[in-house]
Amino acid sequence: EPEVTQTPSHQVTQMGQEVILRCVPISNHLYFYWYRQILGQKVEFLVSFYNNEISEKSEIFDDQFSVERPDGSNFTLKIRSTKLEDSAMYFCASSEQPRRMNTEAFFGQGTRLTVV
Amino acid sequence: KNEVEQSPQNLTAQEGEFITINCSYSVGISALHWLQQHPGGGIVSLFMLSSGKKKHGRLIATINIQEKHSSLHITASHPRDSAVYICAAAHSGGGADGLTFGKGTHLIIQP
């Protein structure tokens, strides 16, 4: 069964460092998403991406965040200068159609980011 | 802004019991997702529904659009069903790609 793959599964980084979280969406999907879940809190939408550009972003997704699809398979989330409050589980998701078309969501296993 | 509320927050039951988890939302949606999150953190999609009822094995999901309410039922619950169950709403308005998540229901099924 096709799946969304995320690497690494766990990353520890020092405050102020840049991190790149990687995702390989399902191959025929065109819409990509990043979500985060701070420990003990609910999952929150960060950004959606389609046709090589951001289609929507939340208030959380400030200038410290960026997304990129550097090649035909990877979808990355970069945090330029990490803060302690960036510590969270980050989920990548992909779908065939945009969310408003009632399409099923496929999530990766998540990357647990710990900023120390 | 759509708010998604789940109840109960925590639920402990005995193996074999019938489980119901509730979800309500505040504004119109195009679809409601039920997701399962295991202790390791990964999220698995269980159902996506916009009307009526869906069944998969021992899991049943229902939605009442008029009442803005959905339920997830587990029949003949088993310890392996222990997980966090999350409902998430897809907005029906334009320009809203992201899902809005509830806080989740932490379910423990004891043998």
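What you see is a predicted model, and the numbers here were worked out from it, not measured in a lab. Chain A is the first sequence line, chain B the second, and so forth, proteins listed ahead of strands; every chain is numbered from 1.
Applying a 4.5 Å heavy-atom cutoff, the residues of residues 76-91 of chain A that approach chain B are Met89(A), Phe91(A). Contacts of residues 102-111 of chain B with chain A at a heavy-atom distance below 4.5 Å involve Gly102(B), Lys103(B), listed in sequence order.
Here CD1 of Ile43(B) is found 6.0 Å from CD of Gln37(A). Values are rounded to the nearest 0.5 Å.
The ring-ring contact (aromatic ring centres under 6.0 Å, His included) pairs that include a residue from residues 55-77 of chain B are Phe18(B)-His73(B), where partners are two or more places apart or lie in different chains.
Surrounding CG of Asp63(A) are at most 12 heavy atoms belonging to other residues, nucleotides or ligands under 6.0 Å away. Around the CD atom of Glu67(B), the shell of radius 6.0 Å holds no more than 12 heavy atoms that belong to other residues, nucleotides or ligands.
Residue Leu49(B) does not touch chain A at all, counting heavy-atom pairs closer than 4.5 Å.
Shown here are the side chain to side chain donor-acceptor pair (under 3.5 Å) partners of Thr114(A), two or more places apart in sequence or in another chain: His10(A).
Val12(A) and Met15(A) fall into different hydrophobic clusters, defined by Ile, Leu, Val, Met, Phe, Trp and Tyr side-chain heavy atoms under 4.5 Å apart, directly or through other members. At a threshold of 4.5 Å between side-chain heavy atoms, the hydrophobic network of Ile, Leu, Val, Met, Phe, Trp and Tyr places Tyr50(A) and Val24(A) in two separate groups.
Put simply, the side chain of Tyr35(A) gets close to the backbone of Leu99(B): a donor and an acceptor are under 3.5 Å apart.
Phe107(A) approaches Leu35(B) most closely through the heavy-atom pair CE1-CD2, 4.0 Å.
Under the 6.0 Å cut-off for aromatic ring centres, Phe45(A) and Phe101(B) do not qualify, their centroids lying 6.0 Å or more apart.
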